[in-house]
Structures are given as C-alpha cells and as structure tokens.
Trainee: 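My questions will all concern the structure given below.
Below, chain A is the first sequence line, B the second, and so on; all start at residue 1.
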Amino acid sequence: MKEYNPKEIEPKWQERWEDAKLHVAKTGDANEKFYSLETFPYPSAAGLHVGHPEGYTAEDINARYQRMNGKNVLYCMGWDAFGLPTENYAIKVGKNPKEVALDNIANFKRQLQMFGFSYDWDRELNTSDPSYYKWTQWLFLQLYKNDLAYRKHAPVNWCESCKTVLAREQVIEGACERCKNNVAQKPMEQWFFRITNYADELLDGIEGLDWIDATKEGQKNWIGKSIGAELEFAIKDDNGKIKVFTTRPDTLFGATYMVLAPEHELVDQLKDQISNWDEIENYRNEASNKTEMERVHLDKEKTGVELKGMVAINPANNKEIPVWIADYVMVSYGTGAIMAVPAHDRRDFDFAQYYNLPIKEVIALPDDSSINIKQITRGSGIGNWVGHPIEYQVSDKKTDMILGWKYDNIGQTCHTLLGTIKNSGEFDGMKVEEAKEKIIQWLEKEKIGKAATTYRLRDWLVSRQRYWGAPIPIIWCEKCGDVPVPEKDLPVLLPDDVDFNPTGEPPLASSKEFQNVDCPKCGGSARRDYETMDTFVDSSWYFLRYCSPNEESAPFNKEDVAYWLPADLYVIGAEHIALHLLYARFFCKAFADLKLVDIREPFQKIRHQGMIMGEDNQKMSKSRGNVVNPDEVIEKYGADTMRMYEMFMGPLADSKPWSTDSMKGISRFLEKIWKMQKKVFVVIPAKAGIQDYQKVLHQTIKKVTEDIQAMHHNTAISQMMILSNALHKVENIAKEDWEMILKILHPFAPHITEELWHVDHDSFIMTESWPEYDEKLAAEDEIELVVQINGKVRERHQVPADASEKDLEKIAMEGKKVSALLEGKEIVKVIVVKGKLVNIVVR
RNA sequence: GCCCGGGUGGCGGAAUCGGUAUACGCGGCAGACUUAAAAUCUGCUGGUCGGAAGAUCGUGCGGGUUCAAGUCCCGCCCCGGGUACCA
C-alpha cells in the first residue's frame, strides 16, 4: 500500500468532484432544502488568513453532512470585492482597483480550493462585477422610487484620511473603523436609506430567530429603543418652543434648566435675544473643532455656556429656568435638546454642580423601612446625589420608586426617614410608572407633549466619496432635480479615466466621460451623481443573488428565493452583529414590502466563529510577526489535517491560540486511519472477533452525529480518536464497519476518506447515506460503580449496567475496603444513583 | 460606566437535568526498535507526603445550600469582547 500523501490525493479529488458537478444545488428539487450560507470574504491583497477556514470548515462539515442525509444543499462562495482597502492598495502600487481586485480574487479562490470546500462554484459571484452591481443599482432605484432612499443635507461623519463619509456604524469610539483616524463632523449633502422606518420590526423580529442571546442583545442595543415623552418648553417673551425628548416625564418638576446642542438651529433663530452672542459663537466654534473623539470621550469635565437673555418656562410649575448650550447634548439624538433634571441624572448632576445650577429632588424611596438600601445602590446610581433609580429589589420583587419619601445614609443598610419630598404637585406620592403615565396624559391634555419613542438607530448613510464601489444611479439636472437613471441604462459603469488619488473631491468627478450626460427627463445637459455606494449595500443582498445567480432580468428570482430562504445556517464572526445583520435584515423587509421577496427574515440560524490568535495568544498581525500562512500549513500537513486541526482546537465560538506543534496529533490520527485500510476484510478471519471495537464504533457514530448537529466538532474528533485507538488494538475490521467509519469521518477530512472509499467503490462517498448507529450495540453492559463514604470516593466495582438499586447498595456495602472503613461507624443514610454511584453517609 | 462571554494540569481543551474532575490531543519522562537520529510502538504523567499500599489538597477568591458543587445561590477579583455623554 502507498504512503499517505495528501499533496497527491487532495488536488485529484477536488478536480474530480468539480468535474462531476457533485456540489451543484438544484432549485425546486423534491428533497428537503438546506441553505448553508457562508460569509463571503473581502478578498484582501494579503490573501487568506487562517481564521477564514475555521468558519468555512464548520460550514463545509455541515453541508456534507446534510447532503449525506438526503438534503438538497445550497452552499456557495462569492467575493465582497468593492471597498476602500483595495482602492488604497491599488493607489499604492499604481494599478487600477479592478485589476487588484481580480488578482486578489484569483488568489483567494486558489487558496480556498485547496481546502476542498464543497461549494457550488457555478453560483460564484463578485460584487464588483457589472453583472452584480447593475442590480445593486437597480435595488437602489427601487428604494428611491418608494421613498426608502433620500438625499439630505446633514452633519455627517467625515474621515479626513480616507476622504469619505462614514456610516454611524463605521465610527468606533470616534475614530474611523478602517484607518483609526479621528472622524470629524461635516455638513454634507448625502444619500440615506430609511432603515429607521423598520426599527420596530427589526426589534420585534429578533425573537423568533435561532441566534445566540448575545447576538440578539447586540441587535437590540444597536436599535436602542427608548420609550418616553416628547414635550415643549415655552420660551419667555417669544413664540418659539424648545422641544425635548425624555424617558423620564415623571421627573418633569425637577427640570431646573435646559440644554441645547451647540448646533441646535434654535440658537441661530434666537440670536437677537441673546446678550452674550460672542461667547456663544466662541463655544460653538470650539465644539465644532473638536473631533468626535474628543467630544465623546470619557469622564472629561462638562462644559457649556448659558444663553443669556433667553429663559424657558417649565410647564409643570411655570418656573423660569435658564437655557444653556453644551456639547454633552448631541444634535443627532432625540430632539437635540434636553430638560435637565440634575437630581436624577448623573450627567445633568455633574453639569449643575460645575456651574452651580439649582438641583431639585422629585423622587425618593418609598416609606418602607424593610428595604435594604444597600441593594439599591448597585446599578441604580443613587450615590450621594440622588441618582435616577427606577426600580430595585425588595423581597425578590421589583418595585417602583415613588415620588415622596427621603432618607439619609443612602448606600448604607441603616437609614432614617428625613422627611418627604413633595415637589410634584398633584403627582406627589405616585410610583414612578404611574407618574409617567399620568404626566403624559396631562401633557396631552395641555397640548404641549405626547408619548414618544426614540431610537438610537439612524438612517443608513450610503454614499461614499471614493471610486471603488457601485456608482449611485442618479442624474442631477438643474431643471428637473434628481432624476433616476432609466433601468434600461443600467449598469452605470465605473469609468476608467479617473484620477484615483484622493483629493477630497470624489474620483468620479474627474471623469469627463462619466460626468456629462443628458437628462433622461428633459434631454438637457446634466451630470451624474459622482458618489458610490457603501460596500455594505453590496453585501446586504448577496445571499439572495446566490438563489438565481444567472438571472438576467432581475436581481433574483422570487420563486427561487422562496425555495431557498431563509438560510438554515449562517456562520459569521461576532464582529458583524451590528452592521451586516442589521442592514441585511432591513433589505429583506424593505424588499418584501416592495413585493420583491416573500420573506421578512433572511437568517434563521446564526452561529459564530471565534478569532484564531497567534501562537503567543495575541491577535495575528504583520507587526507582531505571528501570522500563520495557510499555504505553508497545507504544504506541510495537507488540507484534511488543517481542517481537522482547526475543528479540534476548541469550541467554534471561542477565540483560541494557534499551535503548529499541536497539528501533529491530527496528522498522526489521519496516518493511523490510512494504515488501518490493511486490516479491512470482507470476511473476518475466524480467529479475531469484531466485538472488541463494535461498541465504541456505534458509540462514535452516535456521538459524531449529535456533535455535528450541535456544532461541537472538537468533541466529535476526540471521539473518533478514541475509536481509532480502539481499532489500533484489533487485528481485523469488517468491511461494513470500515465503510461507516469513512462516512462519519468524511465531512471532516473529505479527501482521505474519498481516496480510501474508492479502494473498492466507484461512487463518491458523499452520495452515500449517513450511517445509523445501533442503540443496542452502543449500550454499555457493564459500568463502574463508584462507592463514596461521606462524598469521598473509596472503592470501585465493575457491575452489570442494569443492576438494581438494591443490588448496587449490597455490592457497595460488601466491598472489602468499604466494609473495613465502615467498621464501628453509624450509617446515617445511603444514597444510590443507578448506573453511577453509591454514597454512604456515616457518623 | 453599562451589556455579553470566560477563569479547569506545563499547553489547547473535556465533563454543566449537581453524582468518578482533568476525556481527547500537544508537550514531558522512561522503555522497545535502530550503528545513530527521525518516524513508529509500549508504559507513565495535577500538587504534596510516602519505598509502597495509601493519605491529603485541588476547577480565580470568600461565604452558603446539599448526602454530594467545576456545575446551584450570595458577595468579590481578574481576563476577553461589544458599546457609550442616547437624555
């Protein structure tokens, strides 16, 4: 028999599988469908990272397993090829981004193919190909025509280094996600998608999905729904009103001042009233010069300036209160203005302390001396100033605070009643929740406010001032305004005669050919929108295109989508929770409303892959020099070993350090499997019984089947190693057992199992059906009985698995060691756990 | 600050309806084979004490519940990830 040589057998089978079209999915097939959705990679110049094949192998194991269970599997690969890094790299090496992207794709494809992933390559797609981005543009137009895409002049996040605007989601701690440079606010005319129309549905839809809780929570937090009230404060001696949003209308009586965001439009409108305009202007300039990072960052002192000459009136008690501007209030959230309740809000409290503004308490604890106030302090922020607790625990029951009582020694277990707080007029004595409701009713009656909901989620800013993306299919005509490009003229192709170097002007503006165009409406001269779309637009619908990749009259075929979606499994990195999932779900819902698809949730089941760290347990990076190159690993060990090693490292979702040395374990295992072939007999020679390994074989089939379904690949592999250790000890293996062994190993190590299968089969192993285990053979007939005295293990016996509790107790008590230890002791109690142990409690 | 994970041998990790802690693998030690090395095979491998039998401690720390706790409860510490003047 030949040596195990992965370099020879792996490319051979990859080619033969492809020739046989073994992985082609058939839309409408009578077999049950299974859509195994893979994160399509961004093909970087650096090539494949060892992290990529982790999630991909997990998906491939699943895809192969599902096929062997008779499912019609859709499993594809594509390229998320537009994007800034490619453009920047192209500028650096003096090439066209298109060229760079194609090179990168070719390299990625070569690398991925080495792993033997069972993709249906006939459905391969590339977002930067005109045949794809034509439809990205078409979808943009559908959203535009249905008022889900719009243009707006607004302050946006601008990255000076990347020379483009960014979506809110791409700003991390005030810095650009890509280049980590500070992001500034800049007012610009930009395109947005109305994702906020779907905020509630995006929130509610999460419940029915098979996602882990952390992912669901991430989505919910990102949407950030806040329920409260919107109300107006009158401005003294003026018709103007200041509109605020609050989640705590119950604290209205405690509002002792107001704060506007520095950019708030009211400030300009009331310029004439304001006596300290120079000071205001100064502050506004300072604020606008601060980067988002400086402004948002951490525990810095709050600053602000009072708008002198301008006074607001608290509608609850008609008290005159001052109005300030301060950059701790964001123009983009709520109404850009707040009523400040320093007694019950940490930020307002800090500000009021600093500028000596009045603090008025309106909420205190209930009159209930049984409360341990210590319990309240944690998480409620009650502290020394009166924080803003809403609820706390009393006797395991959540109870509301009421408007009414005040204690000292907050934060201590002991506390004494200081008196009552009666600052809320007719609402005194109510619990918080009741007060919220009643005050909103009062606001509605007075016509100065109403219940309102605010979201953290913003509309999705999709225009970018760079080249390597899908051009926005809009023509700007002086006479007609925005005119959509007629659908027959799609795609709007990216021009080649452009200056790629970022100057602040979008590169497309430098192309004469691209810019000058006739208005489709009036025929007059017009110019194209010279911006491109965020690459997240491309990646938010690729899973639909896989269903009908060659459709020429539409982005996807509705029936095909109805057959395949939702995806039955989607393995993605946890870092995509906020952006990709949110956008893709929004697209799906919007498309459903446009009657393009019939489903509203695209991803039924999502699981995550963790990060593979360097051998030093640090993130792999060039600068640390701890990057592992998959080409070299495959060269040394082969794809099957690498696939199995990545699955054996630990739970899929955990981050875990790479160890090339540890790969030896897998390599030895596969060598053993290879050599085992010579023990296989059609007719077992009489001398050696097969019963020596059958129990563990059937236990292994059971465990591997369960573990694949639960995606516990590491323990499935452990169990197969236990089986191989058992087989190592026997002389002969029956042919039908050997076939089952190859089948269960196949999803993990497809090449070696295909090679060994073909020793005496002509079929492909994946077309065979998944083996069933025999429950009787897998069952243990003997177990080890553990005998404990006072919980400590003292003796062990081999006993029949079905021994009764009585028998177990008898065996335990009669044990040589145990009976000696029991000498002279009083037996208090005997606990028998059938099939496991006996614990004797003595005194 | 808030939200989510997670702390188990020298290392990656098993075991969570409470029931033998450390499966499987790496590494290490000893032996076999070999002129030798590699590869392979066999055995051992949590700490401490002990020649051994065995005893005893042991899943981040401190308490608790239980016949029995890595697992449940309370209070902390540390690490990783996400997120933030969100009113």
Trainee: Quote, to the nearest angstrom, the P distance that separates B/rG54 from B/rU59.
Mentor: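 About 24 Å, rounded to a whole number of Å.
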Trainee: Please list all pairs passing the salt bridge (Lys or Arg N to Asp or Glu O under 4.0 Å) test where one or both residues lie in residues 832-843 of chain A, with sequence neighbours left out.
Mentor: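 For residues 832-843 of chain A, and leaving out neighbouring residues, the salt bridge (Lys or Arg N to Asp or Glu O under 4.0 Å) pairs sorted by first residue read A/Glu826-A/Arg843.
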Trainee: Mind checking what makes side chain to side chain donor-acceptor pair (under 3.5 Å) contact with A/Thr700, not counting sequence neighbours?
Mentor: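 Scan of A/Thr700 (side chain to side chain donor-acceptor pair (under 3.5 Å), adjacent residues dropped) gives A/Gln719.
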Trainee: Using the side chain to side chain donor-acceptor pair (under 3.5 Å) criterion, which residues pair with A/Trp658? Sequence neighbours excluded.
Mentor: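 A/Trp658 satisfies side chain to side chain donor-acceptor pair (under 3.5 Å) with A/Thr660 only.
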Trainee: When all nucleic acid strands are considered with a 4.0 Å heavy-atom cut-off, which category describes A/Ser226: base, sugar-phosphate, or nothing?
Mentor: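 Sugar-phosphate, no base atom in range.
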Trainee: Consider the side chain of A/Ile722, meaning its heavy atoms from C-beta on, and name the nucleotide among B/rA23, B/rA87, B/rG19 that approaches it most closely.
Mentor: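 Of the candidates, B/rA23 comes closest.
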Trainee: Nearest whole Å is fine: how far is B/rU40 C1' from A/Lys678 NZ?
Mentor: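 Atom-to-atom, A/Lys678 to B/rU40, this comes out as 11 Å.
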Trainee: For A/Glu782, check side chain to side chain contact (heavy atoms under 4.5 Å, CB included) against everything at least two apart and list the hits.
Mentor: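 Side chain to side chain contact (heavy atoms under 4.5 Å, CB included) list for A/Glu782, sorted by chain: A/Gln798.
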Trainee: Distances under 3.5 Å only, N/O to N/O: pair up the protein atoms with those of nucleotides 53-55 of chain B.
Mentor:
from   : atom 1 : to       : atom 2 : distance (Å)
B/rA55 : OP1    : A/Arg794 : NH1    : 3.1

Trainee: What interatomic distance, in whole Å, is found between C1' of B/rC78 and the corresponding atom of B/rG27?
Mentor: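 Pairwise C1' distance, B/rG27 against B/rC78, rounds to 27 Å.
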Trainee: What integer distance in Å separates A/Phe669:CZ from B/rC26:C1'?
Mentor: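 Atom-to-atom, A/Phe669 to B/rC26, this comes out as 16 Å.
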Trainee: When all nucleic acid strands are considered with a 4.0 Å heavy-atom cut-off, which category describes A/Glu671: base, sugar-phosphate, or nothing?
Mentor: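 The residue A/Glu671 makes no contact with any strand.
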Trainee: Just N and O in the side chain of A/His728: are any of them under 4.0 Å from OP1 or OP2 of B/rU42?
Mentor: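 Checking A/His728 against B/rU42: at least one side-chain N or O falls below 4.0 Å of OP1 or OP2.
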Trainee: For the pair made of NE2 in A/His608 and C1' in B/rG80, what is the distance, rounded to whole Å?
Mentor: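 Atom NE2 in A/His608 sits about 16 Å away from atom C1' in B/rG80.
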Trainee: Using atom P of each nucleotide, how far apart are B/rC61 and B/rG70 to the nearest Å?
Mentor: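 My reading of the P atoms in B/rC61 and B/rG70 gives 12 Å.
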Trainee: Under 4.0 Å: is that the gap between some side-chain N or O of A/Asn221 and OP1 or OP2 of B/rC4?
Mentor: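 No, outside the criterion.
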Trainee: In dot-bracket form, 5' to 3', how is RNA chain B paired? Count Watson-Crick and G-U wobble pairs only if both distances fall under 3.5 Å, and write | where the partner sits on another strand.
Mentor: (((((((..(((......[....)))((((((.......))))))((((....))))..(((((..]....))))))))))))....
Trainee: Below 30° counts as parallel, above 60° as perpendicular, anything between as tilted: where do the rings of A/Tyr583 and A/Trp460 land?
Mentor: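 Parallel, since the angle between the ring planes stays under 30°.
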Trainee: Out of curiosity, A/Ser819 OG to A/Glu795 CD, how far, rounded to the nearest 0.5 Å?
Mentor: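 One finds 7.0 Å between OG of A/Ser819 and CD of A/Glu795.
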Trainee: Whole Å only: how far is the CG atom of A/Leu745 from the P atom of B/rC24?
Mentor: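 Distance, rounded to whole Å: 18 Å.
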Trainee: With a 4.0 Å cut-off on heavy atoms, is A/Asp654 in touch with a base, just the backbone sugar-phosphate, or nothing at all?
Mentor: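 Nothing: the residue A/Asp654, judged by heavy atoms under 4.0 Å, touches no strand.
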Trainee: Under 4.0 Å, heavy atoms only, any strand: does A/Lys672 hit a base, just the sugar-phosphate, or nothing?
Mentor: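 Since only primed, P, OP1 and OP2 atoms lie under 4.0 Å of A/Lys672, the category is sugar-phosphate.
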Trainee: With rounding to the closest Å, how many angstrom separate the P atoms on B/rA14 and B/rG25?
Mentor: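 Straight-line distance between the two P atoms is 15 Å.
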Trainee: Hey, are A/Lys703 and A/Glu706 close enough for a salt bridge, meaning a charged N less than 4.0 Å from a carboxylate O?
Mentor: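 The answer is no: the pair does not qualify as a salt bridge.
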Trainee: Considering only side-chain heavy atoms of A/Met330, which listed nucleotide, B/rC85, B/rG19, B/rC41, is closest?
Mentor: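 The listed nucleotide nearest to A/Met330's side chain is B/rC85.
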Trainee: Please state the C1' separation for the pair B/rC72 and B/rC17 - nearest whole angstrom.
Mentor: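 These two C1' atoms come out 12 Å apart once rounded.
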Trainee: Using the side chain to side chain donor-acceptor pair (under 3.5 Å) criterion, which residues pair with A/Ser718? Sequence neighbours excluded.
Mentor: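 Once residues adjacent in sequence are excluded, A/Ser718 has no partner under the side chain to side chain donor-acceptor pair (under 3.5 Å) criterion.
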Trainee: Base of B/rG43 relative to its sugar, syn (within 90° of 0) or anti?
Mentor: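 Glycosidic conformation of B/rG43: anti.
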Trainee: List, with names and distances, any nitrogen or oxygen atoms from the protein found under 3.5 Å away from nitrogen or oxygen atoms belonging to nucleotides 7-12 of chain B.
Mentor:
from   : atom 1 : to       : atom 2 : distance (Å)
B/rG12 : O2'    : A/Met649 : O      : 2.7

Trainee: Please tell me if A/Lys792 has a side-chain N or O lying less than 4.0 Å from either OP1 or OP2 of B/rC57.
Mentor: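 Yes, within the criterion.
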Trainee: At their closest point, which heavy atom of A/Gln353 faces which heavy atom of A/Ile359, and how far apart are they?
Mentor: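 In this case the closest contact between A/Gln353 and A/Ile359 is NE2-CD1, 3.9 Å.
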Trainee: Whole Å only: how far is the CD1 atom of A/Ile206 from the C1' atom of B/rC4?
Mentor: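 One finds 15 Å between C1' of B/rC4 and CD1 of A/Ile206, rounded.
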Trainee: For A/Lys225, which of A/Leu457, A/Leu202, A/Leu203 qualifies under side-chain contact (heavy atoms from CB on, under 4.5 Å)?
Mentor: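 When side-chain contact (heavy atoms from CB on, under 4.5 Å) is applied between A/Lys225 and each of A/Leu457, A/Leu202, A/Leu203, only A/Leu203 qualifies.
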Trainee: Can you check each nucleotide of nucleotides 62-67 of chain B against protein heavy atoms at under 4.0 Å and return B for base, S for sugar-phosphate only, - for none, in 5' to 3' order?
Mentor: -----B
Trainee: Taking A/Lys656 first and then A/Glu646, would you say they form a salt bridge - that is, a charged N and a carboxylate O separated by under 4.0 Å?
Mentor: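 Between A/Glu646 and A/Lys656 there is no salt bridge, as every charged N stays at least 4.0 Å from the carboxylate O atoms.
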Trainee: For A/Ser804, what residues pass the side chain to side chain donor-acceptor pair (under 3.5 Å) criterion, not counting sequence neighbours?
Mentor: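 Here the qualifying residues are A/Asp807.
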Trainee: Do A/Lys450 and A/Glu230 sit within salt-bridge range, that is, some charged N less than 4.0 Å from a carboxylate O?
Mentor: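 So A/Lys450 pairs with A/Glu230 through a salt bridge.
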Trainee: Return the value, rounded to whole Å, for the distance between atom CD of A/Glu217 and atom P of B/rG82.
Mentor: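 Computing the A/Glu217:CD to B/rG82:P distance gives 17 Å.
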Trainee: Between protein and nucleotides 48-51 of chain B, what N or O pairs are separated by less than 3.5 Å?
Mentor:
none

Trainee: Is A/Pro651 close to A/Asn714 at the side-chain level, that is, under 4.5 Å between some pair of heavy atoms?
Mentor: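 The answer is yes, as the side chains (C-beta and beyond) meet within the 4.5 Å cut-off.
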Trainee: Listing time: all N or O pairs from protein to nucleotides 27-30 of chain B that are below 3.5 Å?
Mentor:
from   : atom 1 : to       : atom 2 : distance (Å)
B/rG27 : OP2    : A/Arg668 : NH1    : 3.3

Trainee: Can you measure A/Asp250 atom CG to B/rA87 atom P for me and round it to whole angstrom units?
Mentor: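 Spelled out: CG on A/Asp250 to P on B/rA87 is 14 Å.
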Trainee: Please state the C1' separation for the pair B/rC3 and B/rU8 - nearest whole angstrom.
Mentor: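 So the two C1' atoms sit 26 Å from each other.
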Trainee: In whole Å, measure the gap between the C1' atoms of B/rG13 and B/rA21 for me.
Mentor: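 These two C1' atoms come out 13 Å apart once rounded.
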Trainee: I need the CD-P distance between A/Gln618 and B/rG80, as an integer number of Å.
Mentor: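 Roughly 9 Å, once rounded to whole Å.
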Trainee: Any idea which of B/rA84, B/rA14, B/rG25 is nearest the A/Asn725 side chain?
Mentor: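 Minimum distance to the A/Asn725 side chain belongs to B/rG25.
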